[in-house]
2 protein chains.
Amino acid sequence: MLDSTAKTIELMIVDDHKLFLDGIVSLLKDSPKISIAACASDGNQALELLQQNVNINVLITDISMPNLNGEELCKEVKKKYPNVHILVLSMHSDSKSIKRILKNGATGYILKNTGKEELIEAIEHVANGQAYFSESVKNNIMAGITGMEESDENVNVRLTKREVEILKLISSEFTTNQIADTLFISLHTVESHRKNIMRKTKAKNMAGLIKYAVKAGIVE
Amino acid sequence: MLDSTAKTIELMIVDDHKLFLDGIVSLLKDSPKISIAACASDGNQALELLQQNVNINVLITDISMPNLNGEELCKEVKKKYPNVHILVLSMHSDSKSIKRILKNGATGYILKNTGKEELIEAIEHVANGQAYFSESVKNNIMAGITGMEESDENVNVRLTKREVEILKLISSEFTTNQIADTLFISLHTVESHRKNIMRKTKAKNMAGLIKYAVKAGIVE
DNA sequence: AAATCCATACCTGAATACGGCTATTTTCAA
DNA sequence: TTGAAAATAGCCGTATTCAGGTATGGATTT
């Protein structure tokens, strides 16, 4: 039904690992329907190149990149160039990462451990505006929707600015007394905050607090 | 001086990301001096293939992989096949990762954001038993050696089996009493172990313990 | 055979964390 | 401007952690 499959696919690939980028280019360079128009090593460069290459209709991108990451790139691209379809090529298949980037406008999501054939299939789907997902991506999304999300739900709690500040100090091995002195507030206030953080994150003790801090990217 | 540069390089590549693996193969397949003998997606598979292909003399591997990771693979390979030189191809350039895997017998270490030419140069160096490092790898090693190593040195401490076992339980938010009950040992013993772990890891309290556990890969 | 490491166990006392509350002021958005 | 959320502060009692030791039997290594 869609005749758009006949149209040449003008591709841009974005990844901060040059070897991976070059490898993908090498894999795709002989594909008849696909033309590689540009490559970028981060989101900012990608946006610049998009401005210059008006014919680009598919963008393949990694998520974790310096300067401007995949999520932010998606948001920008969808705002400025709504006709450019985005295929995410990531290492991670956890439902959290997937859902976040799909919300930001990605059309497809495949993993770096898929093969060449599937990559091309995914590119063609996405070029037509059709969603494409790796098998394990689909499974994890389903698992995320149906049940057993207990481990994920605690990352959804929202800590206040002050709570994050205090959790950072706790993670730096400060005692409650030291935190009170550092922030010029009462010992009792720090304890109140800590108790609130523990309630929100369902942590039983310091161990749980630090594990949450690590997961949430508050430390390291 | 070394005439070994003339000898054909029989390569094995190990990476759990199929697309990356295929990309590298595609990049190298036209190189005259290099022959790709085998590919594997984890350490176990690599060891099996090494047994079958006696001619392999260079092994390129990622660090983080399922089942048997790069570090453990290095150790095994150096023990069983000391003539196989290992080139590590990693995303991370922190001195901690680098030093750890070099201790385990890797000959070279380059990053995934290097180019095709440098990759080939690195392979040739390593095939001759010569070390090869990416520029940023060299820089980070230097920074690690010269100063500011306080944060790194604690990963070098060696915990005993029992200590790791207890640290795992601490990380699971168990109290000292619960750990004692779980392991059928005295409360005092658990406390002794905890104190020893804290001394070794230079942790001031639970927060430091959990951060160490995360860094050392004992939790998550 | 001696030395070292490991796992075990104990002691004391101070410091800190934890659980479960109440309560006031400030800040910010509806 | 009114109500909710956030930041502040407090109380009480128990549980746990932390710092500083000492000590012993067993396994391993030298």
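Lettering of chains follows the sequences in order, A, B, ..., and the numbering in each one begins at 1.
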Do the charged groups of [X] and [Y] touch, with an N to O distance under 4.0 Å?
X: B/E163; Y: B/K200; value: yes
X: A/E165; Y: A/R162; value: yes
X: A/K79; Y: A/E76; value: yes

Within this structure, what is the [atom1]-to-[atom2] distance between [X] and [N], rounded to whole angstrom?
X: B/D181; N: C/dA9; atom1: CG; atom2: P; result: 12 Å
X: A/I179; N: C/dA15; atom1: CD1; atom2: P; result: 18 Å
X: A/N177; N: C/dA14; atom1: CG; atom2: C1'; result: 13 Å
X: B/R199; N: C/dA7; atom1: CZ; atom2: C1'; result: 14 Å
X: B/K161; N: C/dC6; atom1: NZ; atom2: C1'; result: 11 Å
X: A/L183; N: D/dA9; atom1: CG; atom2: P; result: 10 Å
X: A/K195; N: D/dA7; atom1: NZ; atom2: C1'; result: 15 Å
X: B/F174; N: D/dT16; atom1: CZ; atom2: C1'; result: 16 Å

_Please tell me if B/T175 has a side-chain N or O lying less than 4.0 Å from either OP1 or OP2 of D/dT17._
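So the side-chain polar atoms of B/T175 never come under 4.0 Å of the phosphate oxygens OP1 or OP2 of D/dT17.
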*Output yes when at least one side-chain N/O atom of A/N205 is less than 4.0 Å from OP1 or OP2 of C/dA17, else no.*
no
_Touch class at under 4.0 angstrom, heavy-atom based, for B/K204 against every strand present_ = sugar-phosphate
_What contact category does A/N196 fall into here, base, sugar-phosphate, or nothing, at under 4.0 angstrom with non-hydrogen atoms?_
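It contacts nothing in the nucleic acid.
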*Is it true that a side-chain atom of B/S186 and a backbone atom of B/H188 form a donor plus acceptor pair closer than 3.5 Å?*
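Judged by distance alone, yes, a pair lies under 3.5 Å.
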*N/O donor-acceptor pair under 3.5 Å between B/Q45 side chain and B/S41 backbone*: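 Confirmed, B/Q45 side chain pairs with B/S41 backbone.
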*Looking at residues 184-194 of chain B, who's got a heavy atom less than 4.0 Å off DNA chain C?*
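Close to the strand are B/I185, B/S186, B/H188, B/T189, B/S192, B/H193.
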*Side chains of A/K211 and B/I210 in contact at under 4.5 Å (non-hydrogen atoms)*: yes
*So A/K112 and B/D16, salt bridge (charged side-chain N to carboxylate O under 4.0 Å, His left out) or not? Walk me through it.*
CA-CA 9 Å; A/K112 289 195 175 177; B/D16 58 323; over 6 Å; no
*B/Y109-B/S134 side chain donor-acceptor pair, cut-off 3.5 Å*: no
*Just jot down the side-chain contact (heavy atoms from CB on, under 4.5 Å) partners of A/A122, sequence neighbours excluded, or say none.*
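For A/A122 the side-chain contact (heavy atoms from CB on, under 4.5 Å) partners, ignoring immediate neighbours, are A/L87, A/I110, A/Y132.
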*asked:* What's the angle between the local helix axes at either end of the helix from C/dA1-D/dT30 to C/dA30-D/dT1, using five pairs per end and rounding to 10 degrees?
replied: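 So the angle between the two local helix axes works out to 60°.
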